[in-house]
*Asks:* 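Have a look at this one before I ask anything.
All chains are named by letter (A, B, ...) in the order of the sequence lines, taking the proteins before the strands, and each is independently numbered beginning at 1.
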Number of protein chains: 4
Amino acid sequence: MRKMKAIVKARSEAGGLEFRDVTVPEPGPGEVLLKNRVVAICGTDLHIYNWDAWSQSRVKVPLILGHEFAADVVRVGEGVKNVRVGDYVSGEGHLVCGFCDNCRTGNGHVCYNWKGIGYDVDGVFSEYFAMPEMNIWKNDPDTPPAFAAIQDPLGNAIHTVFVADCVGKTAAVYGLGPVGLFSVAALKAIGAAEIFALGRSNAYRLDLARKLGAHHVVRTKDTDPVDYIKAHTGGRGVDVAMEIAGTPEAIQAAIRSVKMGGDVVILGIPNAEVSIDFAADVVFRSVSIHGVTGRRIWDSWFKMKGLLKSGRLDVEPTVTHRFPFDEYEQGFELMKTGNCGKVVLEF
Amino acid sequence: MRKMKAIVKARSEAGGLEFRDVTVPEPGPGEVLLKNRVVAICGTDLHIYNWDAWSQSRVKVPLILGHEFAADVVRVGEGVKNVRVGDYVSGEGHLVCGFCDNCRTGNGHVCYNWKGIGYDVDGVFSEYFAMPEMNIWKNDPDTPPAFAAIQDPLGNAIHTVFVADCVGKTAAVYGLGPVGLFSVAALKAIGAAEIFALGRSNAYRLDLARKLGAHHVVRTKDTDPVDYIKAHTGGRGVDVAMEIAGTPEAIQAAIRSVKMGGDVVILGIPNAEVSIDFAADVVFRSVSIHGVTGRRIWDSWFKMKGLLKSGRLDVEPTVTHRFPFDEYEQGFELMKTGNCGKVVLEF
Amino acid sequence: MRKMKAIVKARSEAGGLEFRDVTVPEPGPGEVLLKNRVVAICGTDLHIYNWDAWSQSRVKVPLILGHEFAADVVRVGEGVKNVRVGDYVSGEGHLVCGFCDNCRTGNGHVCYNWKGIGYDVDGVFSEYFAMPEMNIWKNDPDTPPAFAAIQDPLGNAIHTVFVADCVGKTAAVYGLGPVGLFSVAALKAIGAAEIFALGRSNAYRLDLARKLGAHHVVRTKDTDPVDYIKAHTGGRGVDVAMEIAGTPEAIQAAIRSVKMGGDVVILGIPNAEVSIDFAADVVFRSVSIHGVTGRRIWDSWFKMKGLLKSGRLDVEPTVTHRFPFDEYEQGFELMKTGNCGKVVLEF
Amino acid sequence: MRKMKAIVKARSEAGGLEFRDVTVPEPGPGEVLLKNRVVAICGTDLHIYNWDAWSQSRVKVPLILGHEFAADVVRVGEGVKNVRVGDYVSGEGHLVCGFCDNCRTGNGHVCYNWKGIGYDVDGVFSEYFAMPEMNIWKNDPDTPPAFAAIQDPLGNAIHTVFVADCVGKTAAVYGLGPVGLFSVAALKAIGAAEIFALGRSNAYRLDLARKLGAHHVVRTKDTDPVDYIKAHTGGRGVDVAMEIAGTPEAIQAAIRSVKMGGDVVILGIPNAEVSIDFAADVVFRSVSIHGVTGRRIWDSWFKMKGLLKSGRLDVEPTVTHRFPFDEYEQGFELMKTGNCGKVVLEF
């Protein structure tokens, strides 16, 4: 049985990662075997690296981490019909059942039975890995592997940006981590009228938002975001606010920063309950608040493909750091500092 | 100057209504003069009658109350083009500017500059009253005046029911006041798969919900609504929940009673902030929450007209009491007890 | 190898059906084996029975006909995950690839690679048959088998009715074959304001439309449908017209019978080109014309399930004739006369 | 009574324009008086200049032409509430009733009672003109008058592009007159994946399409557009085709060049009936065909404002020629040659 290197969460403690030899898997019926070119580190991987409360309750060790990748198909299992050896692919990080009412109506992102690759089951941080054909996405051959590898989180941003209509509209993005930055890039690509990028204080990321073309970049540690937005929208607020910071304060501010009849899209995960003045802020103002998770399978992927093809979606500035696969530790440590965009590991 | 009787909020105190002689108004440019057949008492009128905190902060006395009516056009002002003497009409209770971005894109219900007839300006509880042509709705001659008079609140229900897709879907209605009951009737008319009508304890209204065809009628004082709904939807929850009770508990329960990817529509006005677990209840479950106010102008009215025409929207059971106009005090007192559906006053 | 009876298109000529002994199939990986309760005869089956031009070009004999059924699962193949022995099921009549951009975005009804069960591959007119798990629909145990068996064509009607918004709107149905009649029933269930049912001359079917609750039933041999509709809609036309007759005249009339900004939905298959005055009838009137085929997979099925559950979708009058499976010939001959609704065969 | 210069269609013959002295109008109730900065010549004006069949049947001489303008408000009539002296404005070229069911539901572009400024009533090709406040659009002060003046036809393009979803999708534009070129620019602004610009042979306009960023520019005199599109979309066709050429051939090609489930949007006005193979091209392929006229009032205007604000909608290359107002004849003659984009007249 052939062996390969993998990044394994081996022990129930912070940072307990090991660079281990594990067995190269066999592709089962309906599965394909992939050989990695590039993988990318997600905030979820960092949560597990830090072994926070969520990780402790959800992850069973030992587990191979990771779900963002660009790879080549090297073998196909029995019954695989649409994917071929040699295909250059990435993949959806959620395993869905395909049979529940949500899956069967184009809403697999809210499958009742979904599992997360790299936290519920073994992930992709290894030289080879197997994946169901139904999770495979064929990349455009022209897409550089580092950009192909980030499509899962870019897809989160695409999903978030398309929940409400942002084309030709004013939009605010709270939180300038990688998904927030991708959202700025996506809003730029689809012709948002004015983009307000709102970050707490990280100069590196505020600067990235500026590079991506945000019309307004606001450091919320110094400037009240709601006041700023109101002042720059004739007192009315933006059409759409996206909350990707995951704090109670940002959720409250996002709700107050949209216009009457506006939309709030929440992808961030606050770790406490949030108090909302529904009467004044939601009902009388006819505001809609949309919780969002994952990507639309596969609608977000097709939109992403189209926007990449258009030449208008510029993700280049967001992929800021590259390390060899076996120097992954440096990548995780850099991500802890926040002084980066997207960090990828190359094979 | 001709005089007429009117129900006037004359003094800044609870119940301070007077049945006064006031001057019959002249229709200004773009306005029509109407002679009432039937008016209906809204919860808003009761708020003013009770002189609650909202009323005290918003209403300037003296003021003629009321905004729900069925009437005949008896004169038209200069420049009126589409309404004629003899037309049998009702009208939209919100005055909107017609020029802001919301008004100009079919979203006048979220006009930035709207005013409420009967609380911001003089209302319709008088023998005659003037109204802008643009607020007039021509009734089908076959519609009985008592049903024509309740279209403004029926329109609230229509708006609420159409915010999310309820056709062939499971739906829960929290709160069985008149608008809640209208919502049950509207859901029935459009083929909702299963309707859960949820009221706290008022037997009269729970019984009305049953008459209107709710598939499940639940007394929430005794039965936990979320548990009940989950138990009757395979553990998943309803597609859409409507919150028309206006309590923090009902808002929390409504959010928890929808399925993954479900919609919550809030028309009720809670008088306190509500604590929400966004991570568990909204984001990871991809739930959308929609604040709703008023009626879509005029989309909700056209839908209402069509549903009334279809023969499938049965509002008869909801109009439970009729009083002569000058015995309005009985109507208000009855409404305070809650043992009624809609109460109308006849001329 | 066990044998069973099947209705086989054996020879390349009209009526060339045989009631043959064939082998009971084995369910392959991902497939289930079904034992029939009731099957229903589709217009497609009749086309093949009549061996018309379409059949001659598409069907390769010998072939088992049929795709409408209600059956029980008696065995499951390898890898089947969601369907169990004993499940009472029906199924989607189109085999789709699940991988093309249409399939992957909830639009499997326009899969580039679809095949028709019962005309491209062997169908279900036999005691047992195998089918992919992904095509299986679990029936509500309360649904009588004769009604469960007609869900494929009922689903066509549901799809057609939901292409444009018909709730509370005026709608015309051209063509009163089974799918036209189902459309009338569906429009009734969702509260269409006024339903115009338009048939050429078949008294049996005009009468069925009346029983299903159409507000207007028009015999177009005698009465011009466009004139009639205009006369009963204030000169404007209906909101939506559905063309299920499949004639050039009906397509032209359908387009002319909608209001400015109205929608035309075409499910009928005309056997000649149709001349359209785009300037006058389509562009200046902002009319939309929607070609429709099949059912949305599975959105139409879920809507159908919900409407059946609501108690508002009355299909009982449409299933007019029942024959034993081995007397299928009578069913086909009756369908040729047109004096029937839906014809089912019972095991 | 003050006099001013106006371009008047004076005689019922081709080219029968006169540069006449006419009276400066008074703004009536609800109207404003405007002083022109720039006007633009529409294809409609050219139709009247050429005195074609449509013009002869519709236009009553004498008539002031024109409906595209950028102007300043110099007086306001009685009852005007939202527009002020000094406002820098443009306006909607259709007068609509505001009361019919289409107007009242945000669909004024399909008002049953609309009239065209500059062909049904006197237009704007004069130093001053009066217009209802309800038709006025306030320009961003930063918008150059030549760009503000072309918003009416740019709005046609915006309307056309937004009828179907083009964001991140492949799109074809048949016809490269000014509205076709604007459509290319709009598609570029919203991130269309690939834009196919299809013109018959006019090199000037094919070149403009290239400058605006079309990914493919095809001279259809030499190259079959359907073959070309199929060859560049994996054999499937584009998501959306826009027909702005107004020929039967282009309509047929547009329908055949979309993918299964695709959308065709027709703004062009063919002067003959068009034969359509509904079975093969529309029904079995589930294609939708949308007739489009005018602009959504005011939705298209707000989208246009937002896209101009975004910095992504580049209209600069499309305004190719400027003449002084009194040299209008040169503008009309240039437009007859087709060797131009948009032609404006400056005051």
*Asks:* Kindly compute the distance separating CD1 (D:Ile266) from OG (C:Ser286), expressed to the nearest 0.5 Å.
*Replies:*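 One gets 11.5 Å once the value is rounded to the nearest 0.5 Å.
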*Asks:* So which residues of residues 153-168 of chain D are in contact with chain C at a heavy-atom cut-off of under 4.5 Å?
*Replies:*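 Answer by number: none.
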*Asks:* Check for a donor-acceptor pair, side chain of D:Asn107 on one end and backbone N or O of C:Gly261 on the other, with a separation under 3.5 Å.
*Replies:* no
*Asks:* Among C:Asp277, C:Thr293, C:Val283, single out the residue with the greatest number of heavy-atom pairs under 4.5 Å to chain D.
*Replies:* C:Val283
*Asks:* Which one wins on heavy-atom pair count under 4.5 Å against chain C: D:Cys111, D:Ser288, D:Gly268?
*Replies:*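 Going by pairs under 4.5 Å, I would pick D:Ser288.
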*Asks:* Is it the backbone or the side chain of D:Val274 that comes under 4.5 Å from a heavy atom of chain C, or both, or neither?
*Replies:* both
*Asks:* Is the shortest heavy-atom distance from the side chain of D:Val110 to the side chain of C:Lys259 under 4.5 Å?
*Replies:* no
*Asks:* Given the options D:Ala280, D:Gly291, D:Ala279, which has more heavy-atom pairs under 4.5 Å with chain C than any of the others?
*Replies:* D:Gly291
*Asks:* Specify which of D:Ile276, D:Asn102, D:Val282, D:Asp101 makes the most heavy-atom pairs with chain C at under 4.5 Å.
*Replies:* D:Ile276
*Asks:* Heavy atom to heavy atom, less than 4.5 Å: which residues from residues 237-255 of chain C reach chain D?
*Replies:* C:Ile251
*Asks:* Please look at C:Asp263 and chain D and tell me whether the side chain, the backbone, both or neither of the residue comes under 4.5 angstrom of a heavy atom of that chain.
*Replies:* neither
*Asks:* Tell me, out of C:Ile269, C:Asp281, C:Val265, who's got the most heavy-atom pairs with chain D below 4.5 Å.
*Replies:* C:Ile269
